[in-house]
Participant: 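For reference, the structure I am asking about is given below.
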Amino acid sequence: MSVEVFAIEERVVEQVLRVLRDCCDNRLTADLSLDTPLRSLRMDSMKMVQIVYELEVALDIEMEEHRLFQLESVGDLAVMAGEAVRSAA
């Protein structure tokens, strides 16, 4: 996990975890953490777009969709959301 993850606001991390739990299969999110690989959540591209939309609404941000498929972990998604929050401020 990147050091950047530790600099993310707690509310961003909470929203990322909440959205993933709401949008993904409960059996796959039972042990969800920032270290969880996104591929283990078995998300297709439409599910990822839904997750990003939910995060954008929850955090009042805009995320760069072209970066989505470069993300490897839940922590990477949280870093991306955190960057968008800082950019929107």
Side-chain angles (χ1 to χ4, degrees):
M1 176 177 13
S2 160
V3 173
E4 292 177 73
V5 170
F6 298 107
I8 302 169
E9 292 180 34
E10 187 175 333
R11 72 181 181 98
V12 173
V13 172
E14 289 171 0
Q15 287 296 328
V16 168
L17 295 175
R18 182 194 60 77
V19 167
L20 288 171
R21 286 187 180 110
D22 289 350
C23 293
C24 297
D25 186 323
N26 289 340
R27 293 170 293 176
L28 301 175
T29 60
D31 296 323
L32 194 62
S33 75
L34 293 175
D35 294 323
T36 302
L38 288 173
R39 71 179 160 271
S40 72
L41 300 177
R42 300 182 189 152
M43 296 182 293
D44 59 17
S45 59
M46 291 303 293
K47 181 63 70 177
M48 193 61 164
V49 168
Q50 177 189 1
I51 287 166
V52 168
Y53 172 76
E54 295 291 335
L55 286 171
E56 288 178 334
V57 169
L59 297 168
D60 193 26
I61 58 173
E62 288 186 29
M63 296 174 69
E64 300 175 36
E65 285 95 10
H66 69 277
R67 290 181 53 201
L68 294 177
F69 301 100
Q70 299 169 356
L71 305 177
E72 295 183 17
S73 69
V74 172
D76 292 340
L77 180 60
V79 167
M80 184 176 164
E83 290 170 354
V85 167
R86 285 189 292 279
S87 293

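Computed over heavy atoms, backbone and side chain alike; hydrogens, waters and symmetry mates excluded.
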Participant: If I take atom CD from residue E14 and atom CG from residue L59, how far apart are they, to the nearest 0.5 angstrom?
Facilitator: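 Rounded to the nearest 0.5 Å, the CD-CG separation comes to 10.5 Å.
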
Participant: If you round to the nearest 0.5 Å, how far is CG of L20 from CD of Q15?
Facilitator: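 Taking CD in Q15 and CG in L20, the distance rounds to 11.0 Å.
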
Participant: Taking CD in E62 as the centre, count heavy atoms belonging to other residues, nucleotides or ligands within less than 6.0 Å. Is the count above 12?
Facilitator: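 For E62, atom CD is not crowded (no more than 12 foreign heavy atoms under 6.0 Å).
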
Participant: Mind checking the CG-CZ spacing from L71 to R39? Nearest 0.5 Å is all I need.
Facilitator: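 The CG atom of L71 sits 12.0 Å away from the CZ atom of R39.
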
Participant: Could you tell me whether Q70 atom CD has more than 12 heavy atoms of other residues or ligands within 6.0 Å of it?
Facilitator: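 Correct, the count exceeds 12.
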
Participant: To the nearest 0.5 Å, how far apart are NZ in K47 and CZ in R42?
Facilitator: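 Rounded to the nearest 0.5 Å, the NZ-CZ separation comes out at 13.5 Å.
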
Participant: Are more than 12 heavy atoms from other residues, nucleotides or ligands located less than 6.0 Å from atom CG of D44?
Facilitator: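 Correct, the count exceeds 12.
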
Participant: Backbone N or O of S73 within a donor-acceptor pair of the D76 side chain at under 3.5 Å?
Facilitator: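 Yes; at least one donor-acceptor contact below 3.5 Å.
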
Participant: Given M63, which partner from the list L55, I51, V85 fulfils the side chain to side chain contact (heavy atoms under 4.5 Å, CB included) test?
Facilitator: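 Exactly one option meets the side chain to side chain contact (heavy atoms under 4.5 Å, CB included) with M63, and it is L55.
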
Participant: Can you check side chain to side chain contact (heavy atoms under 4.5 Å, CB included) on D35 and V74, steps first, answer last?
Facilitator: CA-CA 6 Å; D35 294 323; V74 172; over 6 Å; no

Participant: Enter the distance from S40:OG to L32:CG here, rounded to the nearest 0.5 Å.
Facilitator: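 Between S40 OG and L32 CG, I get 8.0 Å after rounding to 0.5 Å.
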
Participant: State, to 0.1 Å, how close L34 and A78 come at their nearest heavy-atom pair, and which atoms those are.
Facilitator: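 Heavy atoms only, the tightest pair is CD2-CB, 4.1 Å.
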
Participant: Between V12 and G82, what is the shortest heavy-atom contact and its length?
Facilitator: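 Closest approach of V12 to G82: CG1-N, 3.7 Å.
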
Participant: Do F69 and V19 belong together in a cluster built from hydrophobic side chains that touch within less than 4.5 Å?
Facilitator: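 Same cluster: F69 reaches V19 through Ile, Leu, Val, Met, Phe, Trp or Tyr contacts under 4.5 Å.
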
Participant: To the nearest 0.5 Å, tell me how far S45 OG sits from M43 CE.
Facilitator: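 Between atom OG of S45 and atom CE of M43 there are 11.0 Å.
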
Participant: Is L77 reachable from M46 through a run of I, L, V, M, F, W or Y residues, each pair having side-chain heavy atoms under 4.5 Å apart?
Facilitator: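 Result: no, two separate clusters.
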
Participant: Quick check: do M80 and V52 have side-chain heavy atoms less than 4.5 Å from each other?
Facilitator: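 Not touching, per the 4.5 Å side-chain cut-off.
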
